[in-house]
Each structure stands twice: as C-alpha cells, then as structure tokens.
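What follows is a short report on a single structure.
First listed ligand is number 1; within each ligand, the first listed atom is number 1. Numbers here are sequence positions counted from 1.
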Amino acid sequence: MRMISASILACDLSRLAEEIRRVQPYVDMIHLDVMDGVFVPNITFGFPLLEAVKSCTNLPIDVHLMIIDADKYVESFARSGASWIGVHYEACAHLHRTVQKIKENGAKAYAVLNPHTPVEVLTDILVELDGVLVMTVNPGFSGQKFIEWTVEKIKRLRRMIDERSLDVKIMVDGGVNEETMEKVVCAGAEILVMGYGIFRNPDPASVRKMMEGVECSC
Ligand code: DX5
Ligand code: ZN
C-alpha cells in the first residue's frame with residue numbers, strides 16, 4: 001500500500017494545527033524531522049513539538065532522527081508516542097542495538113541512508129528492519145532538488161527485499177512531489193515523505209490522487 005508521510009518542516013509553523021488539518025485527509029502519517037546541528041547543518045524540533053503535533057491529530061507520527069547519539073533518545077521518542085522512528089546508518093555506531101531499542105519500546109524501526117551510502121550496507125540487518133528510508137536529497141532542509149541517481153538505489157533495495165520476501169517498507173525523503181513521485185513509486189518506494197510536495201501544494205487532494213494513480217509498467 002502506498003502512503004504519504006507529511007513533513008511538517010515545510011509547513012507554516014505559525015499555523016501548525018491548521019496546516020495539519022488541511023493535509024490530513026490526504027496523508028497517512030506526520031513526519032517530524034529532528035536535527036541537532038551536528039549531524040546535519042540545521043537545528044529543528046524536539047519533544048515539545050512532538051507533543052504539539054500529537055494534540056493536533058490522531059495520525060501516526062514518524063520521527064526522522066538526524067542526530068548523533070540517537071541511542072540516548074529513541075526510548076523517549078517511542079514513549080512520547082512516535083509510531084515510527086528512523087535513525088541514520090551514518091550516525092549510529094551500533095545500529096543493531098539502536099534498532100532493537102526502538103522496537104522494544106513499541107515503535108517501528110527504520111534505517112535512513114544518506115544519498116552517498118549504498119543500500120548494500122544494510123544487507124544483513126535488513127531482516128530486523130520495518131523500513132529503510134532512502135534520502136533523495138542531502139538531509140537538513142526542505143525544498144531541495146531531488147537527486148536523480150538515487151532512483152537506482154531504490155531499485156536495488158527493492159530487489160534485495162523481494163529476493164528474500166521480506167516485509168520491509170521502502171521510504172523516500174527529499175524533493176518528492178508531483179513531478180518526481182512516479183519514478184520513485186515505480187522504482188519500488190511505498191512511503192513517500194513529502195514536505196514542499198504536500199504542504200506547499202494548494203491542492204493536496206490532487207497529490208494524493210496522483211500518487212494512487214501512478215501506474216508502473218514492469
Ligand atoms: C530533509 C528532511 C525532509 C524534508 C523534506 O532533511 O528529512 O523530511 O522536510 O522536504 P521536501 O519534501 O520539501 O524535500
Ligand atoms: Zn525527513
């Protein structure tokens with residue numbers, strides 16, 4: 001099933017509740033980008049914003065951690081109500097331990113890969129993951145241009161998952177919009193994280209319709 005996770009980094013935060021209400025009929029999750037200013041060159045949200053989002057919607061919340069030492073915080077994010085928690089392969093020295101901690105605390109765990117990191121680094125741990133998020137821009141900001149060559153990574157990951165009949169969702173994040181969604185969906189992505197693509201589109205219903213209507217000839 002194809003899904004949209006709406007990244008609030010791209011919404012008008014002065015009207016958070018209204019923005020979430022506007023897109024929520026057309027999306028499946030709310031995506032919260034947590035940045036520490038060390039792993040990525042930007043600083044964003046923490047627990048108070050997670051609470052604020054929770055008070056605005058019943059949609060599941062997907063927390064994308066772009067921080068070093070994620071291990072220290074995954075338990076608190078899970079206990080604060082995150083349904084999905086993603087940690088960067090590049091920022092976790094003991095990815096398996098961190099993934100276990102996320103799952104032990106009742107959330108779904110996904111590993112995130114920067115554009116330059118090959119999907120094959122997850123070959124062995126794949127069986128333990130609920131999802132893999134392929135970054136299609138360099139993490140840090142909304143509204144960046146989609147990096148075309150990441151599509152090949154999504155295709156390779158699709159093959160890795162299908163060959164072993166694993167139940168691992170492929171997620172994509174960065175520059176996904178009405179123009180780029182077809183290529184990521186046809187490459188095998190199922191959960192599309194969208195910032196500008198959904199919040200800056202005056203007609204979010206059409207974005208949903210377009211995503212559901214993508215037909216892939218393969
Ligand atoms: C970037 C974030 C994304 C960002 C996506 O580091 O992880 O979730 O908000 O925004 P768009 O869809 O506008 O590229
Ligand atoms: Zn994100």
Shortest non-hydrogen contact from N177 to E179?
OD1-N, 2.9 Å
Proximal ligand 1 atoms for P139, defined as those under 4.0 Å from one of its heavy atoms
6 (O)
In V193, V27, I191, the residue satisfying side-chain contact (heavy atoms from CB on, under 4.5 Å) with M3 is I191
With under 30° as parallel and over 60° as perpendicular, where do the rings of Y110 and W84 fit, or are they tilted in between?
tilted
So if I count the atoms of ligand 1 from 1 in the order they appear, which ones are less than 4.0 Å from some heavy atom of Y196?
11 (P), 12 (O), 13 (O)
Look at atom 12 (O) of ligand 1 and say which protein heavy atom is nearest, naming residue and atom and giving the distance to 0.1 Å.
G195 N, 2.8 Å
H64: numbered ligand 1 atoms lying under 4.0 Å from its heavy atoms
7 (O)
So, applying salt bridge (charged side-chain N to carboxylate O under 4.0 Å, His left out) with R158, which one of E152, E163, E190 is it?
E190
With a 4.0 Å cut-off on heavy atoms, does D33 reach ligand 1?
yes
Contact check, R200 vs ligand 1, heavy-atom distance below 4.0 Å
no
Nearest non-hydrogen contact with atom 11 (P) of ligand 1 belongs to which option: G143, C11, S7, G86?
G143
Suppose we measure from atom 14 (O) of ligand 1 to each protein heavy atom; which comes out shortest, and what is that distance?
G175 N, 2.8 Å
What protein heavy atom sits nearest atom 1 (C) of ligand 1, and how far away is it?
F141 O, 3.5 Å
Beyond-backbone contact of H94 with D71, side-chain heavy atoms, under 4.5 angstrom:
no
Within a reach of under 6.0 Å around OH of Y89, are more than 12 heavy atoms found that belong to other residues, nucleotides or ligands?
no
Does some side-chain heavy atom of V40 sit less than 4.5 Å from a side-chain heavy atom of M66?
yes
So if I count the atoms of ligand 1 from 1 in the order they appear, which ones are less than 4.0 Å from some heavy atom of M35?
6 (O)
I'd like to check which ligand 1 atoms, numbered from 1 as shown, lie under 4.0 Å from a non-hydrogen atom of M194.
12 (O)
State the atoms of ligand 1, each with its element, that fall below the 4.0 Å cut-off from a heavy-atom position in H31.
8 (O)
Among the N/O/S atoms of H31, select the one at the shortest distance from the Zn ion (ligand 2) and name it.
NE2
The Zn ion (ligand 2) -> H64, closest N, O or S atom is ND1
If you count every heavy atom of other residues, nucleotides or ligands that lies below 6.0 Å from Y73 atom OH, does the total exceed 12?
no
Go through the steps to decide whether N138 and Q144 satisfy the test side chain to side chain donor-acceptor pair (under 3.5 Å), and finish with yes or no.
CA-CA 8 Å; N138 286 296; Q144 301 183 82; 5.7 Å; no
Nearest-contact summary for atom 6 (O) of ligand 1 - protein heavy atom, Å
G140 N, 2.7 Å
D33 OD1 to D173 OD2 via the Zn ion (ligand 2), rounded to 10°, gives 170°
Go through the steps to decide whether K183 and F146 satisfy the test side chain to side chain contact (heavy atoms under 4.5 Å, CB included), and finish with yes or no.
CA-CA 11 Å; K183 55 191 136 197; F146 182 87; 4.2 Å; yes
Atom 4 (C) of ligand 1: the protein heavy-atom neighbour that sits closest, reported with distance to 0.1 Å:
S142 OG, 3.4 Å
Can you name the atoms of ligand 1, numbered from 1 with element, that are less than 4.0 Å from a heavy atom of G174?
14 (O)
Shortest non-hydrogen pair, I30 vs S5, comes out as C-OG, 3.9 Å
Any donor-acceptor N/O pair, D36 side chain to F39 backbone, under 3.5 Å:
yes
Which atoms of ligand 1 sit under 4.0 Å from any heavy atom of L9?
9 (O)
Among all the protein's non-hydrogen atoms, which is closest to atom 3 (C) of ligand 1, and how far away is it?
D173 OD1, 3.0 Å
